[in-house]
Every structure is written in structure tokens, then in C-alpha cells.
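What follows is one structure encoded as C-alpha cells, with my remarks underneath.
Just follow the structure's listing: the first ligand is 1, and inside any ligand the first atom is 1.
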Amino acid sequence: MKLSRSIRWIILSLITGFILLITYQFALPRLFIPRVAVTSQMSLIHVGSNDSFAITPDGIQAGRYMLEMLANNNRSAAQKAVAIYDQIIPRENYGGEYSALRWFAQLFLMSNQEKQKALQDPFVASFYDFFADNNFANLKEYVKRKYLLQQDEDQLTEAGRNRAIFLEDFILFNNPTREAWEQTSKVLAAIPVSPGQTIADIGSGPGYYSTRFSQKVGVKGQVYSIDTVQQHLDYINRYIQRQDITNITTINSYPGTTIGLEGKQVDVAFMCSLYHNIYGMSTAPDRDSFVQSIKAALKPGGTLVLVDNGLVEPGQLPYHGPYVAKELIVHQFRFYGFKLKQEYAFIPQRYVLIFEKV
Ligand SMILES: C[S@@+](CC[C@H](N)C(=O)[O-])C[C@H]1O[C@@H](n2cnc3c(N)ncnc32)[C@H](O)[C@@H]1O
């Protein structure tokens with residue numbers, strides 16, 4: 001049977017259209033989906049324990065010297081602690097707590113004049129006071145809990161663990177030398193927030209970024225410091241009261257299944273060193289609720305900035321902390337309705353992702 005020419009054209013066009021449709025719908029997207037490289041035995045996500053930095057013999061020894069320095073005003077112990085930290089910071093690079101402890105030992109060795117200069121910045125002075133008050137009670141407690149140098153009655157209770165996590169987050173994230181390990185000023189410069197705008201610092205901890213955002217948005221702007229741990233928020237409240245800062249509001253979002261901003265709108269939502277936890281530890285409904293609450297709080301076209309640690313292949317860097325492969329986050333947020341606009345890496349293990357709510 002002979003088909004007329006026009007019918008043959010119609011059939012050919014339909015077949016070609018069908019092939020193009022299949023290619024466009026299925027084959028092309030698959031081709032262009034970026035892949036996460038699995039090139040070693042490493043997991044694509046690692047949350048670890050809440051204290052995910054290993055406790056090494058050198059760290060314990062330095063901790064003992066710190067306690068000796070504090071208990072007996074012992075300069076030689078301070079020098080020995082500094083010498084150990086100088087060695088283990090480049091070798092072990094366990095986050096920032098070693099560099100914070102070294103800062104305390106160095107401060108101890110300074111003349112009064114040098115010390116006054118080192119404590120000029122009110123944020124740094126407030127950090128110092130927190131640990132130094134009451135004959136260095138909090139610093140001693142931190143070192144003892146961290147390096148298990150004393151049997152605390154509550155060591156195995158939830159309250160004891162929460163206290164240890166609070167002190168660890170406090171010393172790590174308000175560390176006066178954080179700039180050196182995180183290049184914080186570059187992170188801040190990359191965040192598109194301007195005077196008069198509103199920004200949510202989700203998982204603010206003791207307020208390192210919140211207080212810097214407060215300066216960026218100015219008196220007409222607003223910062224929401226959001227956390228599930230009241231002790232961090234209490235510290236921020238005391239600090240802003242003393243410094244007469246009027247544009248920071250703290251919000252306790254416990255249990256953390258939303259960001260606690262119901263009914264409020266922000267230009268920018270910022271999350272630093274938190275999402276690996278949400279990604280790895282939440283149930284799917286809790287994670288949905290958390291991300292949807294960010295979406296609901298963001299103004300149309302608003303910005304989400306997500307800072308976290310990425311994968312570091314063995315042998316490249318002494319990085320042992322929690323991480324989540326960047327690609328997992330980028331794609332998950334795409335499905336939540338966020339478009340990646342920019343990305344940066346100011347230090348090798350840390351990415352800064354800038355999304356737009358679409
Ligand atoms: C690792 S600290 C980072 C602190 C801060 N973002 C910084 O970079 O300086 C993570 C903080 O998130 C808080 N957090 C944990 N889960 C949370 C949740 N679901 N919602 C809000 N904050 C949470 C913790 O209490 C902790 O203070």
C-alpha cells in the first residue's frame with residue numbers, strides 16, 4: 001500500500017517529535033545532572049558525634065598545661081601549651097578550638113599593655129570575660145569536660161552532654177581568631193545584605209555572625225538570631241544590652257522543626273554550620289517543615305546563604321569535622337524551590353552557597 005507523501009511527512013514528523021520529546025524529557029536532564037564524585041571510601045555526608053573532633057594525646061597534654069597555667073599562674077605551662085598548639089593546629093586542624101585555647105595561653109603571656117590592646121574589641125572582650133569570670137571557671141570547665149580530665153557527675157547525662165556541646169560551640173564559633181581559620185570577612189562580603197534590610201541568622205550560636213550582620217544592616221535594619229539553645233541566646237541578649245545594640249532580636253526555635261519566624265518576613269536567611277545536621281539527622285517531615293519555614297519567611301526573590309563543610313578527600317587536608325557534599329545540598333534545595341546563584345570557597349573545606357527563592 002502506498003502512503004501519500006503528506007501522510008509520510010506527518011508520520012515522520014510525529015516520530016521525530018516523539019524522539020525529541022523523549023530526549024528533552026529524560027535523556028538531556030540526565031546528561032546535565034551534575035554528579036557527585038565518589039572516589040574513595042569516604043561517605044558523602046558525615047555528622048559524627050556532636051563532639052566530632054578526635055581527642056588526641058597531644059590535645060590532652062596541652063589541656064593539662066592549660067589547667068596548670070590557670071590553677072597556678074604558671075607561665076612555663078602556658079609556653080608549653082602554646083608550643084603544642086603550634087604543632088597540632090597545622091597537623092590536626094581540629095576546627096577552631098585549639099586556636100582559641102592557644103589565644104588564651106598567648107594572652108596569659110602578654111604584658112598588661114599588650115593584653116589591653118588584644119581585648120579592645122568589645123566582642124573579643126566579652127568572649128574573654130565569659131571564660132575568665134570567676135577565676136576562669138568556664139575555661140577550666142571546658143578543658144576538663146573536653147579532655148575528660150575530671151569525672152563530672154553529669155558526664156553521661158543529657159544535661160552534661162548539652163553543657164559540653166554548648167561550651168564547645170561557644171569557644172569554637174566565637175573564637176577571636178576565627179577569621180584565620182574561616183576567612184570570615186570574605187564570607188561576610190559575599191552575603192548580599194544591605195542597610196535597612198532584615199536577615200535571619202538561623203542556628204546563630206553565641207552570635208558571631210549576628211553581631212556582624214547588625215553592623216551591616218544598620219539601625220534601620222533587623223537581625224533575628226535564631227537558635228534552639230537558650231544559653232546562646234541569653235549570652236547574645238546580655239551582649240546586646242551592654243553594647244546598646246537595638247537591631248538584634250533573639251528567637252528560641254526549640255525543637256527546631258521550624259525557624260520560629262511565623263508571620264515575619266526577611267530579605268536574607270543565613271545558615272552556617274547547621275545544615276549538615278538537618279540533612280543527616282532530621283526525619284524527612286522535620287526537614288521539610290524546617291526548609292518550608294525558611295521559604296515562608298523569605299520575601300519573594302529573597303536570598304538564602306548556606307555555609308557548610310564539604311568533602312575533603314583523604315590526604316588533602318587535616319580536616320576531620322562534620323561535612324556534607326555540596327552537590328547534595330544544591331540539588332535538594334533545587335527541589336525545595338531555590339536556585340543557586342553564586343558559590344564560593346574561601347578555604348578548601350568550606351563552601352558558601354547563595355540561593356534565590358524562585
Ligand atoms: C555549629 S553551631 C554554628 C553557630 C553559628 N552558625 C556560627 O557559625 O557561628 C550550630 C548552632 O545551631 C543550633 N541549632 C541546632 N539545630 C538547630 C535547629 N533545628 N534550629 C536552629 N538552630 C539549631 C545549635 O544550637 C548551634 O548553636
Side-chain angles (χ1 to χ4, degrees), residues 46-53 94-97 99-100 123 126-127 130 158 161-179 181-188 190-191 199-214 223-237 239 248 250-262 266 268-294 297 304-309 321-324 346-347 349-353:
H46 165 68
V47 178
S49 64
N50 276 309
D51 175 37
S52 45
F53 304 111
Y94 287 159
E97 69 273 35
S99 59
F123 192 78
S126 172
F127 171 85
F130 173 83
E158 199 183 340
R161 276 198 298 272
N162 286 342
R163 176 73 181 157
I165 293 167
F166 164 71
L167 289 171
E168 174 90 351
D169 277 347
F170 195 103
I171 198 161
L172 180 55
F173 289 101
N174 276 16
N175 178 351
T177 65
R178 181 167 176 174
E179 172 72 29
W181 65 263
E182 192 188 43
Q183 308 263 305
T184 312
S185 48
K186 291 185 186 160
V187 178
L188 278 165
I191 299 170
I199 181 165
D201 183 5
I202 307 163
S204 62
Y208 185 89
Y209 275 106
S210 291
T211 48
R212 282 148 181 87
F213 293 151
S214 152
V223 181
Y224 293 113
S225 304
I226 300 164
D227 209 283
T228 47
V229 172
Q230 188 57 37
Q231 280 172 290
H232 286 312
L233 303 175
D234 288 344
Y235 175 80
I236 296 176
N237 282 331
Y239 181 76
I248 296 182
T250 58
I251 294 175
N252 187 332
S253 61
Y254 184 83
T257 45
T258 73
I259 59 166
L261 276 186
E262 289 74 14
V266 298
V268 180
F270 174 80
M271 227 185 322
C272 180
S273 291
L274 169 60
Y275 201 69
H276 60 263
N277 239 7
I278 306 284
Y279 189 98
M281 310 272 274
S282 299
T283 61
D286 283 355
R287 191 193 63 238
D288 275 349
S289 155
F290 180 84
V291 180
Q292 293 300 354
S293 73
I294 297 178
L304 167 67
V305 180
L306 199 154
V307 183
D308 222 310
N309 298 314
Y323 62 78
V324 50
F346 302 120
I347 56 168
Q349 75 267 32
R350 218 146 160 73
Y351 48 77
V352 179
L353 305 173

Is it the case that the ring center of F173 lies less than 6.0 angstrom away from the ring center of Y209? no
Separation of T211 OG1 from D201 CG (nearest 0.5 Å): 9.0 Å
Just to verify, which of Y275, F213, Y208 counts as forming a ring-ring contact (aromatic ring centres under 6.0 Å, His included) with F270? F213
Does one side chain, of S273 or R350, offer a donor that lies under 3.5 Å from an acceptor on the other? yes
If hydrogens are left out, which of D308, N277, N162, T228 has an atom nearest to atom 18 (C) of ligand 1, that is, the closest non-hydrogen atom? T228
Hey, what do you get for CD1 (I202) to CD1 (I226), rounding to the nearest 0.5 Å? 5.5 Å
Heavy-atom contacts with S273 under 4.0 Å: which atoms of ligand 1 show up? List them by number with element. 1 (C), 10 (C)
Please confirm whether I278 comes under 4.0 Å of ligand 1, counting heavy atoms of the residue only. yes
Atoms of ligand 1 under 4.0 Å from any heavy atom of L274, numbered from 1 in the order shown, are 12 (O), 14 (N), 15 (C), 16 (N), 17 (C), 23 (C)
Any atom of ligand 1 sitting under 4.0 Å from a heavy atom of R178? yes
What I want to check is whether the side chains of Q230 and D234 have a donor and an acceptor closer together than 3.5 Å. yes
Counting from 1 in the order shown, the ligand 1 atoms closer than 4.0 Å to a non-hydrogen atom of S253 are 20 (N), 21 (C)
Among all protein heavy atoms, pick out the one at the shortest distance from atom 3 (C) of ligand 1; state its residue, atom name and that distance to 0.1 Å. C272 O, 3.6 Å
Is F290 close to ligand 1, meaning an N/O of one under 3.5 Å from an N/O of the other? no
Going by distance only, is there an N or O of D227 that falls short of 3.5 Å from an N or O of ligand 1? yes
Does an N or O from G256, backbone or side chain, lie closer than 3.5 Å to an N or O of ligand 1? yes
For the OH atom of Y239 and the OG atom of S214, what is their distance to the nearest 0.5 Å? 8.5 Å
H232 heavy atoms within 4.0 Å reach ligand 1 at atoms 27 (O)
For side chain to side chain contact (heavy atoms under 4.5 Å, CB included), just list the numbers for L274 and F290, CA-CA rounded to whole Å, side-chain angles, deciding distance to a tenth of an Å, and then say yes or no. CA-CA 12 Å; L274 169 60; F290 180 84; 4.1 Å; yes
Among non-hydrogen protein atoms, atom 1 (C) of ligand 1 lies closest to F173 CE1, 3.2 Å
Can you pull out the closest protein heavy atom to atom 5 (C) of ligand 1? Residue, atom name and distance to 0.1 Å, please. G203 O, 3.2 Å
Please confirm whether the backbone N or O of I259 pairs with a side-chain atom of S293, one donor and one acceptor, at under 3.5 Å? yes
